Amino acid sequence: MKPFLIKVENATVYRGDNQVLTGINWTHREGENWAVVGNNGCGKTTFMKLLFGELLPIDGGEVFWFNSREWYGLFGIRERVGFVSAEFQKNYDQNVTALEVVESGFFSSIGLWEEVQATQTHKAQAEMEHLGIPHLASRRFFDLSYGEARRVLLARALVHRPQLLVLDEPCAGLDIPTRERFLDSLAKRARRMSLIYVTHHIEEILPAITHVLLLKNGRIFAAGKKQDLLTSDTFSEALDCRATVQENDGRFWITGCQPDGAR
Ligand SMILES: Nc1ncnc2c1ncn2[C@@H]1O[C@H](COP(=O)(O)OP(=O)(O)OP(=O)(O)O)[C@@H](O)[C@H]1O
């Protein structure tokens, strides 16, 4: 059996007084790429925060990283796991430039507290070029449109070549050409890193994604191989609607949905 990247054992997670996740058992092994799908409020972002070490389980639940049963340490996790989340968009200083945001990816920090080497600046510029945003480099991050800022954060996550990249709805707010450009660059990277990709839109699930985790009301509804789970019946039950799922050229689409329950 291949080594695990993340193993979650019996994790129950509270946020405030809300029990958001209950009894989660899940393992991500090397060579797998996962999509995480579920309705609003089912606990996807909470689950991502658990995987990134930002939230901890209670009642004896545990999370382990990189095939070790020791506490990996937040710094160790940040070094090897890239995270793209809309929340980062709010946390940056008003005067920081887009290039500086990308450079901060080398230090897994929000903001720049260490001196940036010339080679790091070149890599950050190359990453922006690759994502089609070199023209944003000297703009204030704070002034960028939502979609522009999202692409800068993608460059930030990719620049330090993480072993595992966690993306929480990375394409939300992107126009279709930008989304497809991003997915294309992600598909190329997926050969060299593992992915966990949270989305509401199954058409974003790339051929490189091998497994799907369906969350429902804070519990795992189903987890397994993509081909087994991306079906109309499973989706209808997981999302509480009558959905029609179709595959086209390695991508999946919901071509019809009646929001009146699965049955
Ligand atoms: N800081 C918090 N304090 C209390 N409850 C919270 C907090 N953050 C989230 N929740 C609640 O936890 C539940 C799950 O939230 P979460 O953001 O994980 O869901 P999600 O599946 O990512 O939703 P969406 O698809 O809408 O982004 C929601 O009911 C939410 O209201």
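Note that the structure is a prediction, hence the values are computed from the model and not measured. Just follow the structure's listing: the first ligand is 1, and inside any ligand the first atom is 1.
- Heavy-atom contacts from other residues, nucleotides or ligands closer than 6.0 Å to CZ of Arg219 number 12 or fewer.
- With a 6.0 Å radius and a threshold of 12 heavy atoms from other residues, nucleotides or ligands, Asn217 has its CG atom at or below the threshold.
- Not a single heavy atom of Asp168 sits under 4.0 Å from any atom of ligand 1.
- Residue contacts with ligand 1 include Cys42, since one or more of its heavy atoms lies under 4.0 Å from the ligand.
- For atom 4 (C) of ligand 1, the nearest protein heavy atom lies under 4.0 Å away.
- Among protein heavy atoms, atom 27 (O) of ligand 1 sits closest to Glu169 OE2, 3.5 Å.
- Within the 4.0 Å heavy-atom criterion, neither part of Leu215 lies near ligand 1.
- Side-chain N/O atoms of Glu204 and Thr199 include a donor and acceptor closer than 3.5 Å.
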_Apply side chain to side chain donor-acceptor pair (under 3.5 Å) to residues Ser236 and Asp233 and explain how you reach the verdict._
CA-CA 5 Å; Ser236 296; Asp233 283 348; 5.4 Å; no

Residues 128-143, side-chain donor-acceptor partners within the protein, below 3.5 Å, at least two apart:
from: Arg140; atom 1: NE; to: Asp143; atom 2: OD2; distance (Å): 3.0
from: Arg140; atom 1: NH1; to: Gln94; atom 2: O; distance (Å): 3.3
from: Arg140; atom 1: NH1; to: Asn95; atom 2: OD1; distance (Å): 3.2
from: Arg140; atom 1: NH2; to: Asp143; atom 2: OD1; distance (Å): 2.9

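- In terms of protein heavy-atom proximity, atom 26 (O) of ligand 1 is closest to Asn40 ND2, 2.9 Å.
- Closest heavy-atom approach to atom 8 (N) of ligand 1 among the candidates Gln19, His200, Arg15: Arg15.
- Residue, atom and distance of the protein heavy atom nearest to atom 25 (O) of ligand 1 are Lys44 NZ, 2.7 Å.
- Ligand 1 places these atoms under 4.0 Å from at least one heavy atom of Gly43: 14 (C), 18 (O), 19 (O), 20 (P), 21 (O).
- Between the side chains of Ser194 and Gln163, not a single donor N or O lies within less than 3.5 Å of an accepting N or O.
- For atom 30 (C) of ligand 1, the closest heavy atom belonging to the protein is Asn18 ND2, 4.8 Å.
- Cation-pi geometry between Arg151 and Phe182 is not met: the NZ or CZ atom fails to fall both under 6.0 Å from the ring centre and inside 45° of the normal.
- Considering only non-hydrogen protein atoms, atom 15 (O) of ligand 1 sits nearest to Thr46 OG1, 3.9 Å.
- No hydrogens or angles considered: nothing links the side chains of Thr210 and Asn33 as a donor-acceptor pair under 3.5 Å.
- In the model, Thr234 has no side-chain atom that pairs as donor or acceptor with a side-chain atom of Glu237 under 3.5 Å.
- Trp26 has its ring centre less than 6.0 Å from the ring centre of Phe47.
- With hydrogens left out, the protein atom closest to atom 12 (O) of ligand 1 is Val20 CG2, 3.2 Å, a heavy atom.
- Within the listing of ligand 1, atoms 21 (O) sit less than 4.0 angstrom from a heavy atom of Asn39.
- Within a 4.0 Å radius of atom 17 (O) of ligand 1, the protein has at least one heavy atom.
- For atom 23 (O) of ligand 1, the nearest protein heavy atom (residue, atom name, distance) is Gly41 N, 2.8 Å.
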